[in-house]
Each structure stands twice: as structure tokens, then as C-alpha cells.
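What follows is a single structure, written as C-alpha cells, with notes after it.
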Amino acid sequence: MQQLTRLTSDQVDTARVAAFSLPVLRSGPILPLKSMSDAANPVAVVEDGPWPWELLDDCRRLFGVEVQAVFAPREAILMALNQAFDMASASAEQMLENLDVDDLSREIEEVGDLLESEDDAPVIRLVNTLISQALKDRASDIHIEPFESRVLVRFRVDGVLHTIVHPPKGVQAALTSRIKVMAGLDIAEKRHPQDGRFRVKIAGREVDVRVSLLPTAYGERVVMRLLDRGSKMLTLTELGMSSGQLQCMQTVVRSPHGIVLVTGPTGSGKSTTLYAALMEVDRANRNVMTIEDPIEYQIEGVGQMQVQPKIGVTFAAGLRSILRQDPDIVMIGEVRDLETAEIAIQASLTGHLVFATLHTNDALSAIVRLQDMGLEPYLVASSLTLVQAQRLVRRVCPHCRTPRPATAEDWRLLESDPEDFTDIGQIYEAEGCDHCIGTGYIGRVAIYEMTRISDAMRDLIHEGKGLPAMRRLARKEQMVTLRHDGARHVAAGVTTLDEVLRVSMEDMVVIEA
């Protein structure tokens, strides 16, 4: 009998799979496959488990032909099953076509895997469909926005919002209530903002969902942030840094003390960078602890603490407790106030290596931001070792990208010397096709602006010099700006000029008279 070591979606007979429900096929588990050269009407079964004779007989009766069992690993069968049902699940738009708005008041209960749910309550199916479609479309957030006479559902895909569907106004109350139930929130409370979270399974993938509800003039606005627990954590070498940036970051990560700041707006990949840095440290021989809001990924060998403001566990309070745990390396999810910043500075000055994030527009602005919080310049100068700003730019779709000649003005816009790119004859523009949902882009890659704090920069910070002076020095020290770093991705055909300009601001260097 044939032995398959792995299964792909191309091997699955989706038409025959649709004849069964997902729980039935999983109970075997069995998986109808397309005919192969040495097996007609094959059905994958597990070699070391009890044979699902009844299911195989059902296959024979339903298909009207003899079937042949082939062996495959249990994990491979279950994964292929999940993918097959996920791909076949209905879209939110299809769901709304048959939605009975008057039948939305059924009691709703917790479910396991959303694709296995057999509950036919319209509101349950609608919420399940929205979450399932969001994961299928690679969305990071689901926005449900009420207006006077309509409701708008939008997905944030690769950092950009896209309108998905316009549910009827009558769906709004039931939709919001269902999400509140799933997040354990108060259904009756509609005047105050609420925050919650829940976890669901979609096609076997565990997904954490953070929920935020905000009262508006026309009802409660809902935003759900999707965190796929099954997604792979990236290492520093996989982040897309240049060789010089990677070497700089690896050197700083191995430092015994100091503060490493990663800056950027929400959704710019700061947490991903810090997690990658923690994966690089010696966790076997050093005590590594974090305080986060929320804990997005579990890291082996790292003590991770969740911020809980309702019971007084703020970043500052949690950080004080962490420092009593004899840590060598501390990661702070976000520096939000003077108290947290002061504790982080003191920790770095007493022999701890501190990683933290801060919300600023560029790397050097983080230094000014710390001073604006109330920190003394000499403390900032003596503790900072590296400040990094970053943005995520969308990757141009390889299926529909359109080449055009590269000009010297293109490279000047990217704050680069055109002479460095004389061998690049063309760059690409986004077009749009079925593969990229008409956006012209698939996935994202980071661009970086990295400043290693030199002795000269420390002197400027200590003297309280402003941002223009620090920018002039950084330029002399060959700091690569966000736009300049984006130039290498444009040259390589990874992204477009417009995309780099969209996420970065022009570097303004003040020239002394």
C-alpha cells in the first residue's frame, strides 16, 4: 500500500471532501484525494490507528466507486482537512445574501473550532464567517463601524484598510452583542468603552482576538485585533535588515547593559523585532523577563508578565517587581510614562540590558521624547546604546507588478545617491490582480533607521542639544534613514517607490549658515 509522507492542497479532492462534514472526516481521520498514477480514487488514512471501515464504506456508497486506502501521517491529514474546509468556507458577502435580519436573537454559546460549528444562528455564523475570512485574507484587524443608516465592515490587510461588506443596520445590535459574549463583556453596557479578548480555533489554528468597543453617535464601534498563535516567530536574520544593520543589532543584543529602543507607530512590527532580539540572547545562562500588553508570543526560557491595570499591575509596577527577580535582560512592551522610563534607565545603569518600545516618528525623536517625559539629559546619554525606528512596507505582488525605467529623481526621493544605483535599469509599480485581491501587494517587509549612540552623540544629548543638531551629527556618522533603507528594497523589486514614500517622512536636515 502506498505511503505518503506529506499532503498538499493540490492532492485533495475538494468536491468529494464537501460530501462530508469536517467533524466526520476528522473522526477517522480520512481524506479523499485526487486519483494518482498508481492509485484510483485514493483515500488517505492513518497507518498506526484503527481503520475507519465505516467511513471507507460511506465513501464507496457516496462516490459509487471502489476506493483505495493510502497511508499518511495523522498530522498531515488533519492539516490538509483544515485547509480544505477553510478554503471552501463562505465569504461574509455570501453569508449576508441569505441573512434573515429578523432572526438574530437566538441565545449564543461558546464554540470550539469555528469551521466545525454546526450552530445555524445567523449572528453566530456571521461572526464566525467574518473572523474566518479575515484570517484567510491575512487581515490583522476587523473594524465594524456603525453609521446612521448602515454598518461598514473593513479589514486591515498589510497595514491598509479595505471595505469588505455592508451589513444591514438591523444586524448591528446582534453582531455587537455576539462579540461581547465571546469576549466576556457586559452586553447591557453601551455608554462606556470596553476591552476584552477571546480565543478561537479556525481550521485548527489558534487565534487570540483582542476586542475594543467604543460608543459613538450611531452605536458601538468594534475593532478586533487578530493574533495568530500558530504563526512563526522570526529571527533577526529573517527580519530583512541589511548586513550592517544586522551586525549592529547582534552586537547590541550581546551587550551586558544599556537600553535598546525600538520606535514607530502602532503596527510597525516593533514587537516582532524585540521578540527576534530575545531569541538571539543566551536564555540558558541569563534570566530574561518581559512585561507586555498583551503577551503576543510565548518564548521558551523567558518569564513573561501581562499588564493588568484593573488590579494595579501597570508597566511601572510590574517592572519594579521584575527587577526584584534578579533579571539579566528585561523587555518592556511600551514606555508610556515618566515612571516607567525612570525605572528602565535605573535598571540599565545597574547592569541590566533593557529592550523597550516607544511611539515616535523617527529614531532620533525618541531621545527628545525621553527628555520631554522629564528624564535628565545625562541619564539618557549614559544609558542609551541604540535607537531604531522602523516601518512596514508592502511587498509588490510578483504576479502583476509592472516594470518601468528607474530615474535619478527616484533615487533622490529615496534620499540616496543615484550613482549608487546606476546598474539598476528598472523598478516596479503595483498593478493589482486576483492573487493580491486587486491591491498590487502581498505581504510586508520592514525598513529600518538605526542609530548607534556614539560618544559624540552622547555629548550632544548631555549638553541638551536639540533634534536638528543630532540629525546633522547622525548624517555625518552615515546614519541610514528610513527612505534610504527602502531604496534597497525598491532596487531589488521587493516593493515600490510609492510604498516607501507612503510610510516614511522626508528627512529634514537643518544646515547651519
Side-chain angles (χ1 to χ4, degrees), residues 231-265 267-286 288 290 296-297 299-302 328-332 348 353-358 360 362-364 366-367 384-395 414-417 420-421 424 443-454 457 474-495 499-500 503-504 507:
S231 59
K232 177 180 175 290
M233 260 191 299
L234 301 177
T235 63
L236 283 179
T237 55
E238 294 172 326
L239 290 180
M241 295 180 177
S242 66
S243 57
Q245 291 169 338
L246 178 61
Q247 185 178 8
C248 181
M249 180 60 82
Q250 288 175 329
T251 301
V252 170
V253 162
R254 297 187 179 96
S255 302
H257 56 79
I259 293 183
V260 177
L261 277 181
V262 178
T263 76
S268 58
K270 300 186 298 296
S271 296
T272 299
T273 298
L274 290 185
Y275 280 126
L278 291 182
M279 296 288 287
E280 196 85 5
V281 303
D282 182 7
R283 288 166 287 155
N285 298 302
R286 305 181 79 179
V288 184
T290 74
E296 296 185 17
Y297 297 99
I299 306 177
E300 184 69 28
V302 176
D328 297 298
I329 300 171
V330 178
M331 186 191 100
I332 306 170
S348 71
L353 179 59
V354 179
F355 297 102
T357 72
L358 193 65
T360 61
D362 63 302
L364 294 172
I367 300 171
L384 274 184
T385 56
L386 181 137
V387 183
Q388 172 185 300
Q390 64 180 70
R391 298 290 189 279
L392 293 178
V393 295
R394 294 178 292 172
R395 294 176 181 268
L414 293 171
E415 298 174 5
S416 304
D417 186 350
D420 295 337
F421 297 94
I424 305 298
R444 290 188 288 180
V445 65
I447 57 175
Y448 302 94
E449 179 178 287
M450 196 175 290
T451 302
R452 184 83 181 267
I453 307 300
S454 63
M457 186 66 75
R475 178 68 77 174
K476 290 178 183 177
E477 294 179 342
Q478 306 299 312
M479 182 190 79
V480 175
T481 65
L482 286 169
R483 284 193 175 183
H484 190 183
D485 191 46
R488 63 189 174 95
H489 291 304
V490 173
V494 173
T495 190
E499 183 65 9
V500 174
V503 303
S504 61
D507 186 31

Shortest non-hydrogen contact between [X] and [Y], atoms and distance:
| X | Y | answer |
| --- | --- | --- |
| G269 | L392 | N-CD1, 4.0 Å |
| R488 | Q245 | NH2-OE1, 3.5 Å |
| R283 | E300 | NH1-O, 2.7 Å |
| L274 | F355 | CD2-CB, 3.8 Å |
| H484 | E415 | CG-O, 3.7 Å |
| F421 | A487 | CZ-CB, 3.9 Å |

Reported [atom1]-to-[atom2] distance for the pair [X] and [Y], which is rounded to 0.5 angstrom:
| X | Y | atom1 | atom2 | result |
| --- | --- | --- | --- | --- |
| M241 | Y448 | CE | OH | 4.5 Å |
| D362 | Q388 | CG | CD | 13.0 Å |
| M233 | E296 | CE | CD | 11.0 Å |
| L414 | S504 | CG | OG | 7.5 Å |
| T451 | L364 | OG1 | CG | 4.5 Å |
| T357 | L261 | OG1 | CG | 8.5 Å |

* Quick check: does any side chain N or O of S255 sit under 3.5 Å from a backbone N or O of H257, one acting as donor and the other as acceptor? ->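 Such a contact is absent between S255 side chain and H257 backbone.
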
* Asked: Just by modelled atom types, is the A363 backbone N or O under 3.5 Å from a matching donor or acceptor in the E449 side chain?
  ->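 Yes: the side chain of E449 pairs with the backbone of A363.
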
* Checking side-chain contact (heavy atoms from CB on, under 4.5 Å) for the pair T385/I453: CA distance, chi angles, key distance, verdict? -> CA-CA 5 Å; T385 56; I453 307 300; 5.7 Å; no

* Less than 4.0 Å between a side-chain N and a carboxylate O, is that true for R254 and E280? ->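 Yes, this pair counts.
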
* Asked: Quick one: side-chain hydrogen bond (donor to acceptor under 3.5 Å, both in side chains) pairs with a partner in residues 267-276, sequence neighbours left out?
  ->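 Matches after skipping sequence neighbours: T273-Q390, Y275-E292.
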
* For side-chain contact (heavy atoms from CB on, under 4.5 Å), just list the numbers for V500 and H489, CA-CA rounded to whole Å, side-chain angles, deciding distance to a tenth of an Å, and then say yes or no. => CA-CA 9 Å; V500 174; H489 291 304; 5.8 Å; no

* To do: Please name all residues satisfying side-chain contact (heavy atoms from CB on, under 4.5 Å) with R452, sequence neighbours left out, ordered by chain then number.
  =>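 By the side-chain contact (heavy atoms from CB on, under 4.5 Å) rule, R452 matches C248, T251, V252, L386.
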
* Passing option when M331 is tested against V354, L353, T290 for side chain to side chain contact (heavy atoms under 4.5 Å, CB included) ->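 When V354, L353, T290 are each tested with M331, the side chain to side chain contact (heavy atoms under 4.5 Å, CB included) holds only for T290.
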
* With a 4.5 Å limit on heavy-atom distance, are the side chains of V393 and V445 in contact? ->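 They are in side-chain contact.
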
* Asked: Are any non-hydrogen side-chain atoms of R483 and I447 less than 4.5 angstrom apart?
  ->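 In short, these two side chains do not touch, never coming nearer than 4.5 Å.
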
* Within a radius of less than 6.0 Å around CD of E477, do more than 12 heavy atoms belonging to other residues, nucleotides or ligands occur? ->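 It does: E477 CD has more than 12 such atoms within range.
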
* Asked: Can you list the steps and then say if L234 with M279 is a side-chain contact (heavy atoms from CB on, under 4.5 Å)?
  -> CA-CA 9 Å; L234 301 177; M279 296 288 287; over 6 Å; no

* To do: Before giving the answer on side-chain contact (heavy atoms from CB on, under 4.5 Å), spell out for M457 and M479 the whole-Å C-alpha distance, their side-chain angles and the decisive distance to 0.1 Å.
  => CA-CA 12 Å; M457 186 66 75; M479 182 190 79; over 6 Å; no

